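Structure, as structure tokens:
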Amino acid sequence: MAQVASVILPPLEEAYSYLIPAELCGKIVFGSRVEVPIGKRSARGFVVAVDLQYQKDPADKFTLRAITRLLYDSPCFNEEQFRFFNWIADYYGENLSRVFEIGIPEIAPRKFSRSVELLPKKDSTPKGTVQKKILSIIEKEGGILSYSSIIEIFKNASSSLKSLETQGFIRILSTEIKDQHLHHGHAPDWAKREIKLNPEQDHALDQILQAWKNREFKPFLLYGITGSGKTEVYIEALRHVRDAGQGVFVIVPEIALTPQLIDRFRARLGNEIAVLHSAMSKRARWDSWLALLEGRNTIAIGARSAVFAPIKNLGLIVVDEEHDASFKQGENLRYNARDLAVLRAKLNNCPVVLGSATPSLESFSHSEEKKYAYLELPSRHSVSFLPSVEIVDLNSIKPWMMPTKNISPQLLQALKDIQLDDSQAFILYNRRGFATFLQCDKCNEVLECPHCSVTLTYHQNSNSLLCHYCNYSTIPPSMCNKCPKECLERNNNEPGTFVRRGAGTEKVLEEIQGLLPHLSVERLDRDAVENLAHYRKILTKVRDGETKILVGTQMIAKGHDLPNVTLVGVIDCDVGLHFPDFRASERVFQLLTQASGRAGRGDKPGRVILQTRVPHHPSLQKTLTHDFPGFARLELKNRKALRYPPFTRLLRIVVASLDQRIPPNTLLRYKEVLFRYRDCYHSDLSILGPAPAPLAKIKTLWRWHMLLKSGSPTILNQCIHMLREVKASSKKARIIFDMDPQDML
DNA sequence: AGCACGCCGACT
DNA sequence: GTCGGCGTGCTC
Ligand SMILES: [Zn+2]
Ligand SMILES: [Zn+2]
């Protein structure tokens with residue numbers, strides 16, 4: 001009787017069967033990672049089943065080969081994760097092997113670096129001249145030097161070094177290379193202090209712990225503005241559950257997972273926290289994973305991918321900044337870590353806390369429908385402490401009154417004012433050139449798709465307006481027909497004409513430098529930032545006060561605690577408001593609220609200046625009054641009327657190909673199949689498009705997309721499974737199914 | 001993903 | 001005649 005293991009070998013889609021060699025019987029179990037022969041090479045895989053009593057069947061199509069070796073002694077994932085992975089594969093219509101590939105880090109060997117240490121040996125010297133030189137160099141460098149730097153100086157020093165070692169002049173040490181990142185720093189003292197929760201925090205904590213004690217799946221939406229003390233609630237809840245012997249994990253947006261944040265958690269929860277972050281080396285990630293698997297750590301904190309962490313006896317999940325779009329993976333397996341966190345809590349009968357100052361409308365509507373429990377933390381400061389938000393109506397300023405193209409007199413004055421108390425400013429601008437839109441020069445109406453209510457994108461080469469959701473296309477009207485009566489009266493009954501907006505590049509940094517040459521201005525955006533270290537360096541220069549004005553895109557709104565930043569200026573809110581996406585308003589509200597949360601912490605009051613041509617837009621008005629619930633209820637009405645999420649679910653299908661004709665044709669074929677299915681089962685399904693994607697061509701690939709809308713995620717899921725069966729018209733087409741898409745580019 | 005097989009064009 | 005382009009299909 002033989003033992004046979006079923007092995008998943010990413011990226012191969014099927015599970016493969018292998019004989020377990022006698023010496024590994026009992027060692028290779030569910031969860032083992034193994035190396036196996038496949039074709040003419042070898043591959044690494046995951047054991048997902050073991051048949052202890054395999055009997056050879058003459059009907060078997062192939063003869064089994066044997067597992068080559070066991071890569072790690074104990075299992076690398078457990079049953080709970082396996083169920084979770086299966087659910088994910090099914091929901092996103094992806095292969096299970098892909099989930100393994102994304103969800104479990106690679107086994108990485110330890111890395112060592114060799115160094116050479118001088119041993120005290122007084123009364124003798126080596127014979128060789130090279131050997132003598134080596135010793136004197138090591139002595140000069142303080143008695144210890146890395147092996148590689150010696151080899152750099154003396155090309156063939158390895159034999160000399162070996163000889164020196166046998167003679168006892170030196171010792172060659174091998175030390176493990178560990179990650180520099182995210183290792184214990186020193187937590188600030190205030191972080192260690194035992195904190196006293198206020199009554200609202202206490203109430204929130206009670207509710208969460210009650211659900212936990214009842215072993216109840218219960219999602220909480222914890223709403224509280226920046227500085228209202230959400231983190232204290234998380235930490236206390238995590239500590240209770242951890243102290244009771246259960247595992248917990250926290251996920252935060254990648255950009256928020258800073259050494260400071262980790263220090264803060266370590267200060268209060270101890271050093272036994274496993275950190276999972278994409279910026280860590282493979283080895284460090286694997287170390288964290290092992291610490292959790294072996295139970296040395298019971299708390300994990302990480303970005304998106306930490307939702308897969310091997311937590312034993314899971315008792316609580318926390319998702320901070322739950323609205324953040326970075327929880328959605330934009331490639332490969334397009335999962336949303338926040339949604340998966342909720343699912344994982346459900347599979348484990350435990351509470352999950354989603355915290356935010358600007359909850360996603362998805363989560364907010366769940367709380368309105370009582371599917372999620374709603375917890376609110378009031379500001380710990382008086383209302384007067386909130387930053388003052390001013391809207392600058394660019395219509396009311398004549399062009400000649402503008403100090404430069406993009407800087408209004410109000411913003412310039414505010415920038416000058418920061419010098420008075422030597423504080424700092426953030427200036428946000430939008431990256432342009434994604435989508436040009438047309439706006440009436442009199443009433444500021446922006447042209448929208450009559451079917452989708454999404455901003456129409458202007459295309460210069462064809463002089464046409466296009467809806468990138470449904471492919472509706474029209475010639476730009478020469479006159480505005482939306483100008484209201486007052487507007488016409490003011491303009492001798494002349495309707496407005498349309499101007500192109502959102503195009504071109506802006507030189508905001510140069511404009512500010514020109515106006516305020518003695519202030520140091522720095523830039524922070526995707527193009528200016530090379531990597532994480534560079535990003536942190538730019539922010540450090542702000543923290544140290546070296547940079548007075550930081551100019552950049554969204555990224556800067558997610559900065560950290562920079563109490564000396566008292567002014568946040570937004571150059572042009574309209575580009576974001578009229579982005580061709582049904583979530584444009586929500587995104588702008590989130591961004592502005594987040595940005596104003598940056599302004600003036602500590603003892604200096606903050607100030608926010610928003611430049612716009614549509615001053616009455618609800619996203620701006622509700623920012624003015626710091627009214628998230630008000631904004632959310634208003635925007636939810638729009639979403640409901642237009643049947644957009646959270647009232648429906650979306651599935652986006654993207655087809656990309658070198659051949660311009662393939663994407664629309666493939667999608668049209670799909671659409672036919674879908675209509676047939678819908679008519680047959682009377683399914684709740686509607687289809688927008690196919691249409692050219694807003695990014696119609698990436699490098700050499702032409703891209704089209706199609707949006708499926710349904711009240712039921714199950715129907716959309718069936719659509720994915722069905723369309724995967726449709727034979728692609730050409731292998732040259734790349735097809736992406738994006739369930740619950742976050743962006744439509 | 002690799003890696004082989006196989007079927008056509010253009011070169012020693 | 002063969003070298004090599006990559007389209008297609010298989011791997012327990
Ligand atoms: Zn449309
Ligand atoms: Zn108008």
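All values derive from a computational prediction rather than experimental measurement. Just so we're on the same page: letters track the sequence lines, and every chain starts at 1. Side chains included, hydrogens not; waters and symmetry mates left out as well; all remaining heavy atoms used.
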Regarding the side chain of A:L12, the nearest nucleotide among C:dC12, C:dT11, B:dC3 is C:dT11
If you take the centroid of each ring, where Trp contributes its six-membered ring, are A:F100 and A:F85 closer together than 6.0 Å? yes
In whole angstroms, the gap separating C1' of C:dC10 from CZ of A:R41 amounts to 10 Å
Just by distance, no angles: are the side chains of A:S356 and A:E322 close enough, under 3.5 Å, to form a donor-acceptor pair? no
Applying a 4.0 Å non-hydrogen cut-off, can you work out what A:T63 is touching in the nucleic acid: base, sugar-phosphate, or nothing? sugar-phosphate
Separation of C:dC12 atom C1' from A:I28 atom CD1, nearest Å, is 14 Å
Exercise. With a non-hydrogen cut-off below 4.0 angstrom, is A:P10 in contact with a base, only sugar-phosphate, or nothing?
Worked result: nothing
From NZ of A:K40 across to P of B:dC3 the rounded distance in Å is 10 Å
note: A:E13, atom CD; C:dC12, atom C1'; distance rounded to Å ~ 16 Å
Atom CG of A:D659 and atom P of C:dG7 are separated, to the nearest Å, by 13 Å
message = Quick check against the 3.5 Å criterion: does A:D659 have a side-chain atom that pairs as donor or acceptor with the backbone of A:R661?
response = yes
Whole-Å distance, A:Y18 OH to C:dT11 P, equals 10 Å
Rounded to whole Å, CD of A:E101 lies from C1' of B:dA1 at a distance of 9 Å
Is the distance between the ring centroids of A:F308 and A:Y335 under 6.0 Å? yes
When rounded to whole Å, the CZ to C1' distance for the pair A:R44 and C:dT11 reads 19 Å
